[in-house]
Each structure stands twice: as structure tokens, then as C-alpha cells.
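Below is one structure, written out as C-alpha cells; comments come after it.
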Amino acid sequence: MKYSLLLIGILMTQLILAQKNERPNIIFILTDDQSYGMMECTGNKIIKTPNLNKLANEGVLFTNAHITSAICTPSRVSIFLSQYERKHGVNFNSATAVSEDAWAQSYPVLMREAGYYTGYIGKNHAPIGLGGYESGVLEQSFDFWYASHGGVYFYPKEKRKIYKDAIANTQVEILEEGVEQFLDPNARRLKGAISFLESRPKEKPFLLNLNFNIPHGATTQTMRQKETDDDIYRTLYRNLDIPLPDNYIAKADIESPKLPASLHRARDRQAGYNYVDTPEGFKERYIRQLQCITGVDRMIGKLRKKLKELKLDKNTIIIFTSDHGLFMGEHGLGGKALCYEKTTHVPMFVYNPKQKKGYKSDALVQTIDVAPTILSLAGVKIPEAFQGKDISGFVKGDKSKVRDYLYTENLWSTSFGNPRCEAVQTKDWKYIRYYANHNPSATEKIKLAKAFNMPLRTMLYEVHPSQLAIYRGFIENPINGEEPVYEELYNLTNDPSEVFNLIDKPEHKEVLKELRLAWNKEIANARGRGKPKVVVYTNTKSKI
């Protein structure tokens, strides 16, 4: 009897271990500033992305995927926590960081607690814990860390100490070395990488978060076509006739701005986006963006080869998306932080090697759906605090609807001229509402800084705790009755570039009524209940 019980115990243990080993490995890849149409598989006729195409075509390519907030920090926090910014309450202008209590319910922490070996490589732009980027909370949340806070830049060794020991000099290739070490116990050891174990334990499934700082403006701005750079980053696409984007308007040719000047102050736009002002500036920056994405594509090919070499390919799911898009002079606009398709519509696909056939879906999905999907694929319980949807069913053949209305917002309204706005859309229609812009002017701030010999960083980018009051007003006032000062209505089916504002057309009054009612419901859902789980944060002494 004793031996029978012992045998049963051994068999049960073996069964549990076998079930654990059957859990899929998951690689989540996030690019930066990549609008939807910047790969072959999403309609770009110039760029060559064979490896991304293959992955997307073998999985589920979501053709109607959107972010929640079109700027780095809130978008990335939203992905971590599966919450709209209006609920998590963290942005560049919020004077807050994610509290450790909130972070405990993030998908990376939950996956690690569930027995996954976790890694983080590349860019982090989400302040976590008391002290934000300097707290060390994020680094300690992973088994393997080869990353930096803020930008990674194109030549990471020039800016970030952690990458100094890499052999390569350019971003994609340096991060590739980190991926090699994470996956392969025989890979070269990087002195900068922080690892709590000598190598990845084979008996555990893994979660790898690979975060590029490409093709972000700060990265492409620092490209210098060095002789030591790969040909991809020096010569590729430079012999082509690059057409201007549809609806492109050079700064000198703007006669009627896309948005009222009192609402969206283009003269205060960050200087880093001024390349859109001329056709020549656009072409040079666009070529660099295409080059960077092609570099990512090549790395994806190497990654799949490595997975096959290590016999991990048949049980590793790959999820790919971007944190938001970027204007390239369309309608005379540059930068992001608006609710137009150019900044909210991003590429997204889920590749599962066990899926029999790939297909495209036009379901309304969002990047806040990534976290619940990862947890579901791993068999981990999804927290009630999550606001995203589990879309793992799509890789199992379930092509059901995800949501009736998709909600996006911009709460990054600062001296750089962008207004607060919110949007609600269906597959066919989009409604956007804007609020009065009372922010001080960046142009005037720059004049003052120069006149009084002040650092521009102090005047333009430092965040004081007192700004929390302004930011909380941005969140609560629309829910409490603040009226919009400008509205837009677009037929996305007939006008995907959002050229013709139909807000005053009487024939569309029923659609407008429907979407206004939907906005009222969706903004309340996005806000949720209770106080956000944040800590007050200032970057006045931060190096980030």
C-alpha cells in the first residue's frame, strides 16, 4: 500500500511537470513609433520585411488593431497593466509612477509567479515604484534584464552603460546579443546583463519581452551612416524614388490647418519632428525608418532560426505590435499624441506554431488586449483590474467579435501644443472630441530659458508634483461635464485618411448621436472606479 501511494505520488508529480513543460514559451515584441502601414504585409510597397511577413501570414494578423494612448509612457504602462491611461494615471505630464501594488498585478510579475522564466530586453519607458526609473523595481521583476530606461538610441553604447560590453554597435544587433544570451546557455556572456540564474532553466517555460526603440524619432535622428554600420543602415532604399505620403503638406504650404490653431498649436511642436516640414526632410527620415524596420525584420529571421536550433520553435508563441504610430507630414502634422488613425492604428499579429492556418482579422482589438492574452495562453488567471480582452481564441479558430466600440485618448497635453482629445470608433465610423488648450507655449518657454540662461530640460521637460492637480483635471473634467470645443466625425470606410470632417452633415446625425452616447459609456469604462494606484513622482533629479 505504501509503495502504491508512493508510485501514485511520483506519477502525479511527473504529470504535473509534463503539463508545466507543455505550457508555451511566449515572446512579446514591441516596436516604437511604427504606424500600421510600415511592413509589406500591412500594405507598404517599398519596404522589404520577409520574416515579419512570414510570421504574420502564418498567424493571425489583426488589421484593425489600435493603441489606447498615442505616446510612449502611457501606452507602455497600458500594455503592462491592461488598463486605459484614464485608469492607471501615468504619463509624462502626470507627476506619477506606477505603484508597486499596481505593478504586482502586471502581466510580467504574474507570469513569473506562475513559474515562467522571464526576460526584458531593450527600451523601458514606464516609471515603476517610488522614485520611478531609479527605483530598481522593474529590474528586480525579471529573471534576466538587459535593458535601459528612456531611449536606447541607435548607438546604445554612446548613451547607456549596460550595453558597453556588446560586440555590435547598433541597436538591433546589440539587443540581438541579449536575446542570444537569454535563449542559449552557450551564448557569450554580456557583462552588463543582470541575471538571477546562470542560464535559462530548461524545465521552465519562458516569457521574453523584446522592446525596440525603433523606428522612434530619437533613434532615427542619431543614425550617422558610419562606415562600421551594416549596409542596411547606410545604403538600403536610398536609390529609390520615395513618394510623399497621401495628403502630405509641407509647412510652408499649409493654408488651412487640420485643427484650429487655438486648439493645436503647431508652432510649439517639439523640434525633433521638424523633419516633416519639407519633402527632403521627410524622405531622409522615412528612409531611416524603413532601414531600422528592415534591421528588426532580419533579427526576427535570426530569432526563428535560433528557436529551431534549440528545438524551441514548435512551442513558442510570438506576439508583435507597436506602442503607437507617427505622423510624417500628413495634413501638415508631425509627432503623435492625437487620436487619428495614423497615430493609433498599429500592426499586431499573434503567431502560434500549433495554429494550422494563418488568416487576417478586422476585429477591433487594442494593445491592452496583449496582457490578458499572454496570461490566457499560459493558463494564468486574469486579474479583475484588467480592462483589455483575451483574444487568444483567435489563434484557436474562434473568430468572434471583441468589442463594438474602440476607445482611444490623449491626455498628454503640454506646452508642445497638443490638445486633449478622445475618440470612439466602430469599423466604419470615428468620432473625436477636443477640449480647450490652455497650456503655456513651448516657443515662449524657450525664449525665456534663453533669456535667463536656464537649461531647456528644466523649462520644457521637468515634472513637478504640483502638476498632478492639472493632470487629474484632464482625467476627471470631461466625465464631470466639461464640454468639447471642437468635434470631428469620419467615415473610415470611405475616408480612411480622415480628410473630410462630417460633423455638421445632417445626413449623419444618427451616427453622430450613436457615437456620442458610446463615448459617454466608453470614457466611464476607461476611467473605472476608485483612485489610481500611483505614487507621486518628479523627474527634477532624474537622469532619464
Side-chain angles (χ1 to χ4, degrees), residues 28-36 38 62 64-94 96-98 102-103 106-108 120 122-128 132-133 138 147 149-152 209-219 270 273 319-327 335-348 364-374 386-389 406-414 416 418 420-423 425 471 474-475 526 532 534 544:
F28 174 47
I29 301 171
L30 185 67
T31 56
D32 199 329
D33 278 11
Q34 184 179 350
S35 297
Y36 178 77
M38 292 194 73
F62 293 99
N64 216 343
H66 290 71
I67 50 76
T68 51
S69 298
I71 190 166
C72 295
T73 287
S75 179
R76 289 166 183 261
V77 173
S78 291
I79 292 171
F80 276 139
L81 302 181
S82 186
Q83 294 177 355
Y84 292 97
E85 180 188 346
R86 218 170 211 93
K87 181 174 176 65
H88 67 64
V90 178
N91 202 323
F92 290 111
N93 58 324
S94 65
T96 57
V98 177
W103 180 243
S106 66
Y107 81 84
Y120 194 100
K123 172 180 176 176
N124 170 57
H125 225 152
I128 310 295
Y133 298 111
L138 201 62
H149 304 295
V152 179
N209 301 272
L210 178 55
N211 294 263
F212 291 102
N213 192 196
I214 278 176
H216 189 273
T219 294
Q270 288 169 295
Y273 299 115
I319 302 174
F320 179 96
T321 191
S322 181
D323 62 351
H324 49 72
L326 184 71
F327 271 106
K336 44 222 175 189
L338 290 167
C339 289
Y340 292 125
E341 291 291 288
K342 185 65 180 179
T343 51
T344 67
H345 189 191
V346 292
M348 181 189 288
L364 293 171
V365 300
Q366 292 191 274
T367 48
I368 54 169
D369 300 336
V370 169
T373 300
I374 287 175
F386 278 20
Q387 293 179 303
K389 308 291 185 180
L406 189 144
Y407 173 83
T408 55
E409 60 190 0
N410 176 56
L411 295 165
W412 189 72
S413 182
T414 67
F416 291 113
N418 287 323
R420 286 178 292 141
C421 53
E422 300 129 10
Q425 65 193 86
Y471 178 77
F474 288 175
I475 287 177
V534 296
I544 306 301

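All values reported here derive from a predicted model rather than from experimental measurement.
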Going by heavy atoms in the side chains, are [X] and [Y] under 4.5 Å from each other?
X: Asn211; Y: His125; answer: no
X: Gln34; Y: Pro347; answer: yes
X: Pro127; Y: Val90; answer: yes
X: Leu338; Y: Phe327; answer: yes
X: Leu326; Y: Tyr273; answer: yes
X: Phe474; Y: Ser413; answer: yes
X: Thr321; Y: Phe28; answer: yes
X: Thr68; Y: Gln387; answer: no

Can you tell me how far the [atom1] atom of [X] sits from the [atom2] atom of [Y], to the nearest 0.5 Å?
X: Ile214; Y: Thr219; atom1: CD1; atom2: OG1; answer: 5.5 Å
X: Ser94; Y: Ile475; atom1: OG; atom2: CD1; answer: 8.0 Å
X: Asn91; Y: Thr73; atom1: CG; atom2: OG1; answer: 6.5 Å
X: Leu138; Y: His149; atom1: CG; atom2: NE2; answer: 6.0 Å
X: Asn93; Y: Tyr471; atom1: CG; atom2: OH; answer: 6.5 Å
X: Thr343; Y: Asp33; atom1: OG1; atom2: CG; answer: 10.5 Å

Name all residues meeting the side chain to side chain contact (heavy atoms under 4.5 Å, CB included) criterion together with [X]; count only those two or more places apart in sequence or in a different chain, and write none if there are none.
X: Ser82; result: Ile368, Ala371, Pro372, Phe386
X: His345; result: Tyr36, His66, Glu341
X: Ala126; result: Val77, Phe80, Asn124, Ile128
X: Ser75; result: Ile67, Ile79, Asp323

Which heavy atom of [X] sits nearest to which heavy atom of [Y], and what is that distance?
X: Thr367; Y: Ser322; answer: CG2-O, 3.8 Å
X: Ile71; Y: Lys336; answer: CG1-CE, 4.4 Å
X: Leu406; Y: Val365; answer: CD1-O, 3.5 Å
X: Pro532; Y: His88; answer: CB-O, 3.9 Å
X: Ala147; Y: Gly122; answer: CB-O, 3.0 Å
X: His324; Y: Cys72; answer: NE2-N, 3.3 Å

My understanding is that only residues two or more places apart in sequence, or in another chain, count here; which of them pass side chain to side chain donor-acceptor pair (under 3.5 Å) with Thr344?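 Expected list: none.
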For [X], which residues count as a ring-ring contact (aromatic ring centres under 6.0 Å, His included) partner, sequence neighbours excluded?
X: Tyr407; result: Tyr84
X: Phe62; result: Phe394
X: His216; result: none
X: Phe320; result: Phe349

Go through the structure and list residues passing salt bridge (charged side-chain N to carboxylate O under 4.0 Å, His left out) with [X], not counting sequence neighbours.
X: Arg86; result: Glu409, Glu422
X: Lys87; result: none
X: Asp32; result: Arg76, Lys123

Any donor-acceptor pair under 3.5 Å from [X] side chain to [Y] backbone:
X: Asn410; Y: Ala337; result: yes
X: Thr96; Y: Gly89; result: yes
X: Ser78; Y: Gln83; result: yes

